[in-house]
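For the numbers below, each heavy atom of this structure counts, side chains included, while hydrogens, waters and symmetry mates do not. Sequential numbering from 1 along the given sequence is applied to the chain's residues. The structure presented is a predicted model; accordingly, all values stated were derived computationally and were not measured.
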Amino acid sequence: MVDAKQMSQMAEKKGFIAALDQSGGSTPGALRLYGIAGSDYSGDEEMFRLMHEMRVRIMTAPSFSGDKVIAAILFERTMDGEAEGKPVPSYLWEDRGVVPFLKVDKGLAAEENGVQLMKPMPDLDALLARAVRKGIFGTKMRSVIADAARTGIAAIVKQQFEVGRQILGHGLIPIIEPEVSIKSPTKQEAEAILRDAIAKELDALPSGTQVMLKLTIPTVADFYAPLIAHKAVTRVVALSGGYSRVDACEKLSHNHGMTASFSRALTESLRVTMSDAEFDADLGKTIEQIYTASVIKV
């Protein structure tokens, strides 16, 4: 059953979502940006340990709290880890006031029809059951659109909502994330096809059902306003999609009702060599910048 207090926070509270869910494929790049080169560790276990230490440093920083960061998306290993001696989901909610989400997809399939669907998730029900036991509120799953191909986009939206219904069956709130690549030469056209396809799926959901959407910041400001206003949508959040933090925040500030769910743009200026005071000061400035773009619109 969905936690009523957490649901209220996700539906009503001003703030943004921190995406702390880099998986195996994106972890080396995230560590490199943080100042840890591939030559500084050996093997996946050490890599993931270093990544977990970085995430815990973020989550335990004084500036990271539910005042402005209303939720955090976790990698599976992060969900299973600890922060200050407590399971990470419990620590986030009980100590920081931050709602915990879990990334559940297993990566992307090869591109076909201008899109990359999610890889199969045969163990999803077991993962969702474990997530519920650990106090997770909702989930996130990503697929990617490279071209304005109707067949491919239809397949992506169909897959996202099919898995979303499976997630809803466990009492969790799914974040539907069909990312449109910012490098797509037909980005605006793809967004138009995507918006219509999502709206049809939302209209078909049973009465009272709630989902969230995570979308690339649109080319045309407020283009996703109809989805934001849909009765089945708790919140629409934006991914930074490769934009710098400055660019992502500027573009987001023109989209009313859309809040951030940034990953790289959240951590791009953090460095392992910073003192704890320097780290928190930098993170605090970043949080303020993203929060402002999320709640104050042009």
Side-chain angles (χ1 to χ4, degrees), residues 17-30 33 73-76 101-122 124 138-167 174-202 211-220 223-224 227 233 236-245 247-248 251-252 255 258 260-268:
I17 298 176
L20 305 176
D21 60 339
Q22 297 92 345
S23 58
S26 56
T27 295
L33 188 64
I73 304 170
L74 307 175
F75 181 49
E76 184 178 346
F101 283 77
L102 174 67
K103 167 188 160 64
V104 296
D105 69 82
K106 300 301 181 185
L108 301 170
E111 185 174 324
E112 186 176 354
N113 293 322
V115 305
Q116 287 180 274
L117 294 168
M118 295 180 288
K119 290 180 178 178
M121 294 174 272
L124 180 58
T139 65
K140 189 213 83 163
M141 51 196 174
R142 171 178 173 261
S143 42
V144 175
I145 298 166
D147 192 26
R150 289 186 181 277
T151 301
I153 293 173
I156 269 198
V157 173
K158 179 181 178 182
Q159 183 191 45
Q160 283 275 344
F161 276 86
E162 283 178 348
V163 178
R165 285 187 283 272
Q166 186 177 353
I167 291 162
I175 299 178
I176 306 292
E177 185 186 2
E179 173 182 350
V180 178
S181 172
I182 65 171
K183 297 178 181 178
S184 172
T186 54
K187 179 175 180 286
Q188 186 171 344
E189 294 89 341
E191 288 164 349
I193 298 169
L194 177 65
R195 186 182 69 176
D196 290 347
I198 290 174
K200 289 180 181 178
E201 287 283 357
L202 292 173
V211 302
M212 293 174 59
L213 303 174
K214 182 169 180 176
L215 304 171
T216 307
I217 302 170
T219 303
V220 176
F223 186 73
Y224 291 127
L227 302 182
V233 175
V236 176
V237 297
L239 55 99
S240 49
Y243 291 124
S244 69
R245 181 167 66 238
D247 287 346
K251 293 176 184 298
L252 180 61
N255 286 271
M258 197 174 196
S261 176
F262 292 170
S263 176
R264 189 190 56 76
L266 173 67
T267 61
E268 67 180 28

Can you confirm whether [X] sits close enough to [Y] that some side-chain heavy atom of one is under 4.5 Å from a side-chain heavy atom of the other?
X    : Y    : result
E76  : K106 : yes
I167 : V211 : no
F262 : L252 : yes
L117 : E112 : no
I176 : I198 : no
Q159 : M141 : no
L215 : L194 : yes
F223 : N255 : no

Of all heavy-atom pairs between [X] and [Y], which one has the smallest distance, and what is that distance?
X    : Y    : value
A149 : N113 : CB-O, 3.3 Å
D105 : G107 : OD1-N, 3.0 Å
I73  : S261 : CD1-OG, 3.6 Å
I217 : A238 : CG1-CB, 3.7 Å
F101 : T139 : CD2-N, 3.6 Å

Nearest 0.5 Å, please: how far is [atom2] in [Y] from [atom1] in [X]?
X    : Y    : atom1 : atom2 : value
M258 : K251 : CE    : NZ    : 12.5 Å
T151 : I193 : OG1   : CD1   : 9.5 Å
T216 : I182 : OG1   : CD1   : 8.0 Å
D21  : S263 : CG    : OG    : 6.0 Å

Quick note, salt bridge (charged side-chain N to carboxylate O under 4.0 Å, His left out) partners involving residues 141-155, not counting sequence neighbours, are R142-E179
Ionic contact status for K187 with E191, cut-off 4.0 Å: yes
Would E177 and K103 pass as an ion pair if we require N to O under 4.0 Å? no
Quick check: does any side chain N or O of R264 sit under 3.5 Å from a backbone N or O of G242, one acting as donor and the other as acceptor? yes
I'd like to check the salt bridge (charged side-chain N to carboxylate O under 4.0 Å, His left out) partners of K214; sequence neighbours left out, ordered by chain and number. none
Sort out for me which residue in I156, V180, V157, L108 forms a side-chain contact (heavy atoms from CB on, under 4.5 Å) with V115. I156
What I want to check is whether the side chains of S143 and Q160 have a donor and an acceptor closer together than 3.5 Å. yes
